[in-house]
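Read through the structure below, which is laid out as structure tokens, and then see the notes.
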Amino acid sequence: MTTVITRFPPSPTGHLHVGGARTALFNWLWARKNGGKFILRIEDTDAARSTGEMTRGILDGMRWLGLDWDEGPYFQSRRISLYNEYIDRLLQTGHAYYCACTPDEVEAMRNEARAAGAVPKYNGRCREKGLAPGPGRVVRFKAPLNGETSFKDVVKGNVSVPNAQLDDMVLRRVDGIPTYNLAVVVDDVTMAVTHIIRGDDHLSNTPKQVLLYEALGQALPQFGHVPMILGPDKKKLSKRHGATSVTVYRELGYLPEAVVNYLARLGWSHKDQEIFSLDELLTHFSLGHLGTSACVFDQGKLLWLNAHYIKSETPQRLAPLLADFLQQRGHREVNSAYLEAIVPLLQPRAGTMVEMAEMAEFFVADDHRLPMDEAAAGKYLTAQVKEHFVSLHNLLQTTSPFDQAALEALFSRYLEDKDVVFKVLAQPLRVALTGKTKSPGLFETMEVLGQARVVRRLANALRRIE
RNA sequence: GUCCCCAUCGUCUAGUGGCCUAGGACGCUGGCCUCUCACGCCGGUAACGGGGGUUCAAAUCCCCCUGGGGACGCCA
């Protein structure tokens, strides 16, 4: 059996689109699963763009997702002479010819055909002229006029297209730069790519490429065209549907394992399983279970997955991320042991790391500048709790150890003593300590805050009441 | 317009002719738990686009219709 070789060939747009990320993931999984190779290639035959800069966003996204590549990135812009060798070969074998028609003339031909209700395409005027190379001349592929071209697709099954539908596509532009379809085929042939998994939108390019493979006397790779990802309105996913860039999800506080898991399940499935680690993806991934129809990008489900991973990762893994997001919110560097203690209290509550940072704010705020929900303060920090706060302030100041169990014991003794129920103290205490009406459990929160902060915040609350 | 592809709950999907009075998950929703908010647990809601065939039997196979998507570039 030959080595499996897959590739991911984005054009340098500056960021990794979720659709692109998904096809990259599928190709990566297939290569890794089979002990093969995964190649990264930048399709930049479109000329003057600072590829280094534009490519970086894509590479960053790939690395963040954990999709490493074995070869590349190759740049098509640096392989022009290779493509031209192949074009010359096609010229020599009679599979291509020079054409002197101008773009305007070709456009006119297409309009004419369209008006007549026919397929809009080049009319083949220079096809049999045997023109020599010259300025203003392009090289065109001599496509078969009749019959049909078909190929087997691992997700779509057999696909065939009448050749009459196919155009004599341009292979080499006037400026000497080869076109996309030619470059892809040459790359895939020379890189010995065995499996081409890509978006549905390339399905209609495939017959043209198949013709090129045949003209070049090359065996066909396996094709697999995965359906498009749509927005909630069932239109092709675009910016107006919200975030489409992988990097944006990182900035929004999503974990790469959540994004990978979500993308994998979008258009692929393994029985009823929803949660997949990378290892599980590797063992279960199969081309046969790729979906056949377009799917809608559901941010709600991504969020659920992200919340799931936030719950299941270790505090050690999450604490540094929390530190980053806190810093973005203007907080100074926080002691990492403190953060690791905070994280477990927030894990069941945060959907994203950004949310976690918001929720962590009261932990790291300066005691004298604790952001206070004024409405809550007005409602709960009242004269009625003053006496309790005074007593508790004293008790808490001296008690030791200051951990959850001890605090619970202390409170139950106190409540019994004063003959009150916890409910009357809980919200006032919460507001005093966190500035908010919602927080993790009070005892665990107090333990993590620590004796000093708790006592100071209680004193501050007392000052407010007076 | 022409060609290609697609069609199960709102969404992601399981289903490869009988195991389907169609299963799971997100969402929504009722309840439990409870110091708030979450988590968690238990329950509910909701789908095979329509019409013809084939077959003892069809969500599953075939045809037509409808609907959706994509492609028709000297873009990739």
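Letters go in sequence order (proteins before strands), and every chain restarts at 1.
Among the protein residues, Lys436(A) comes within range of no part of the nucleic acid, since none of its heavy atoms lies under 4.0 Å from any strand. If you check every strand for non-hydrogen atoms under 4.0 Å, Val138(A) touches a base. Contact annotation for Pro440(A): base contact, defined as any heavy-atom pair under 4.0 Å involving a base atom. Using a 4.0 Å heavy-atom criterion, one finds that Thr292(A) contacts the sugar-phosphate atoms exclusively. Within the nucleic acid shown, Thr206(A) has no heavy atom closer than 4.0 Å to any nucleic acid atom. At a threshold of 4.0 angstrom between heavy atoms, the contacts of Arg114(A) with the nucleic acid are absent. As judged by a 4.0 angstrom heavy-atom cut-off over every strand, Asp153(A) is placed among residues making no nucleic acid contact. Residue contacts shown for Lys235(A) are limited to sugar-phosphate atoms, with no base heavy atom under 4.0 Å away. In this structure, Cys99(A) reaches neither bases nor backbone, as no heavy-atom distance under 4.0 Å exists between it and the strands shown.
The CG atom of Asp167(A) sits 9.5 Å away from atom CG of Asn123(A), with the distance rounded to the nearest 0.5 Å. The CG atom of Leu318(A) sits 5.0 Å away from the CE atom of Met356(A) when rounded to the nearest 0.5 Å.
Proximity of Lys423(A) to the phosphate of U36(B): a side-chain N or O atom is located under 4.0 Å from OP1 or OP2. An OP1 or OP2 oxygen of C74(B) is reached within less than 4.0 angstrom by a side-chain nitrogen or oxygen of Arg110(A).
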I'd like to compare against my own output: the B/S/- annotation of nucleotides 12-34 of chain B with a strict under-4.0 Å heavy-atom distance to protein.
BSSS-------BBBS--------

Trace of the side chain to side chain contact (heavy atoms under 4.5 Å, CB included) decision for Leu252(A) with Thr352(A):
CA-CA 7 Å; Leu252(A) 290 172; Thr352(A) 66; 5.7 Å; no

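Tyr262(A) and Gln299(A) share no side-chain donor-acceptor pair at under 3.5 Å.
The distance from atom CG of Asp201(A) to atom C1' of C5(B) is 12 Å, rounded to the nearest whole Å. Separating the CD atom of Glu355(A) from the P atom of C39(B) is a distance of 11 Å, rounded to the nearest angstrom. Taking atom CG on Leu182(A) and atom P on A76(B), their separation rounds to 11 Å, with Å as the unit. Atoms CD1 (Ile177(A)) and P (C75(B)) sit 10 Å apart, rounded to a whole Å. Atom CG in Asp233(A) sits roughly 12 Å away from atom C1' in G69(B) (whole-Å rounding).
Every residue two or more places apart in sequence or in another chain that forms a side chain to side chain contact (heavy atoms under 4.5 Å, CB included) with Glu148(A) is listed here: Ser160(A).
Around the NZ atom of Lys311(A), the shell of radius 6.0 Å holds more than 12 heavy atoms that belong to other residues, nucleotides or ligands.
Taking the six-membered ring wherever Trp is involved, the centroid distance between the rings of His388(A) and Tyr414(A) falls below 6.0 Å.
Side-chain atoms of Asn205(A) and base atoms of A76(B) include a donor and an acceptor less than 3.5 Å apart.
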